[in-house]
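One-based numbering, in listed order, for ligands and for the atoms of each.
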Amino acid sequence: MTTTSPGEPVLSITGLSKRFGAVQALKDIDFDVRPGEVVALVGDNGAGKSTLVKAIAGVYVPDSGRVSVDGREVSISSPAESQRLGIATVYQDLALCDNLDVVGNLFLGRELRSGGLLDEAAMEQESWRLLRQLSAKIPSVRIPVASLSGGQRQTVAIARSILGDPKIVMLDEPTAALGVAQTAEVLNLVERLRDNGLAVILISHNMSDVMAVADRVCVLRLGRNNGTFDVASTNVQEIIAAITGATSNAVSARAARRTTEEVVR
Ligand SMILES: Nc1ncnc2c1ncn2[C@@H]1O[C@H](COP(=O)(O)OP(=O)(O)OP(=O)(O)O)[C@@H](O)[C@H]1O
Ligand SMILES: [Mg+2]
């Protein structure tokens with residue numbers, strides 16, 4: 001596997017498998033990401049991307065495989081455990097409360113208090129600090145998130161995810177519903193996260209987004225690894241070939257053979 005970012009992986013996965021009844025969603029997956037690196041996780045519908053993210057987020061417990069954080073083997077048995085290990089996840093539906101303002105959403109469930117009362121001033125100040133750190137364009141932190149644009153809502157969700165000071169941020173299709181300008185804003189945000197030394201895992205179907213911000217691209221196909229590419233030395237055609245299986249590399253040939261064996265069995 002090639003690397004572009006120096007240093008040891010903050011997250012390293014080897015041989016991870018997960019089955020749902022008759023469906024082998026993930027089989028022998030290897031994956032890693034380093035601090036200050038953006039790794040795109042790509043693959044066709046049903047390739048296993050969300051399942052891998054949910055295994056890292058503690059939503060699904062893998063059947064087998066090893067997961068290490070900062071070189072130490074861990075068992076991520078719940079979402080709370082994943083967060084405790086410094087892993088933040090932004091799901092596609094964002095789970096924001098439309099009726100609350102930006103501050104309310106950022107601090108929901110972890111409100112700052114002073115003398116038993118909510119410390120609104122401190123939360124507002126911290127919200128601005130956080131948004132400035134991300135160079136985010138939000139007109140006011142006191143407007144309900146219902147009145148924000150899609151890109152601004154995504155920004156609030158990402159800002160919320162880094163409030164707990166994580167080491168790893170996973171973003172599931174953060175630009176899927178966005179227009180051109182909003183997409184650029186969110187991609188900018190991904191670069192700010194990387195500049196801040198975070199490891200970013202980005203699920204995307206959009207190859208131009210992937211080529212614009214990722215350092216490496218990890219391709220899943222039919223629940224298996226089908227190549228990892230350095231963005232600096234690959235092209236969209238090569239990645240699409242790995243996604244669709246129209247590639248002649250040894251990894252995919254092996255994957256195809258295993259799949260055939262499974263079908264035969
Ligand atoms: N909770 C579940 N129960 C049963 N099967 C599941 C479950 N979650 C995922 N699967 C199956 O596992 C496989 C991988 O699904 P997954 O959602 O990880 O794919 P994906 O790469 O995220 O696809 P998409 O791009 O469509 O989001 C699919 O065949 C899916 O039907
Ligand atoms: Mg998915």
Check: Do the charged groups of Arg194 and Asp215 touch, with an N to O distance under 4.0 Å?
Finding: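 Salt bridge flag = yes for Asp215 with Arg194.
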Next item on the list: Decide, yes or no, whether a salt bridge links Arg129 with Glu124 under the criterion of side-chain N to carboxylate O below 4.0 Å.
Entry: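 Glu124 and Arg129: not salt-bridged.
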Next item on the list: Report yes if some heavy atom in the side chain of Val39 is under 4.5 Å from a heavy atom in the side chain of Val200; otherwise report no.
Entry: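 Counting from C-beta outward, Val39 and Val200 never come under 4.5 Å.
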Check: Under 3.5 Å, is there a donor-acceptor pair between the Asp172 and Ser50 side chains?
Finding: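 Yes - a donor-acceptor pair under 3.5 Å links their side chains.
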Next item on the list: Would you tell me whether Glu81 and Ser77 have side-chain atoms, one donor and one acceptor, within less than 3.5 Å of each other?
Entry: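 Side-chain D/A pair, Glu81 to Ser77: absent.
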Check: Does Asp230 use its side chain to pair, donor to acceptor, with the backbone of Ala232 at less than 3.5 Å?
Finding: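 Side chain of Asp230 to backbone of Ala232, a donor-acceptor pair under 3.5 Å: no, none is there.
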Notebook entry, point to check: When rounded to the nearest 0.5 angstrom, what distance separates OG in Ser82 from CD1 in Ile56?
Noted result: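 Reported to 0.5 Å precision, the distance equals 8.0 Å.
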Next item on the list: Could you pull out all residues at least two apart from Ser135 that satisfy side-chain contact (heavy atoms from CB on, under 4.5 Å)?
Entry: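 For Ser135, the residues satisfying side-chain contact (heavy atoms from CB on, under 4.5 Å) (neighbours in sequence not counted) are Arg192.
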Check: Residues two or more places apart in sequence or in another chain: which of them pass salt bridge (Lys or Arg N to Asp or Glu O under 4.0 Å) with Asp119?
Finding: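 Checked Asp119 against salt bridge (Lys or Arg N to Asp or Glu O under 4.0 Å); zero matches.
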Margin query: As a test of reading the model: which residues have a non-hydrogen atom less than 4.0 Å away from ligand 1?
Written below: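 Its neighbours under 4.0 Å (heavy atoms only) are Phe20, Val23, Ala25, Asp44, Asn45, Gly46, Ala47, Gly48, Lys49, Ser50, Thr51, Tyr60, His205, given by chain and number.
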Next item on the list: Have a look around the Mg ion (ligand 2) and list protein N/O/S atoms under 2.8 Å, or say none.
Entry: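 You should have found Ser50 OG.
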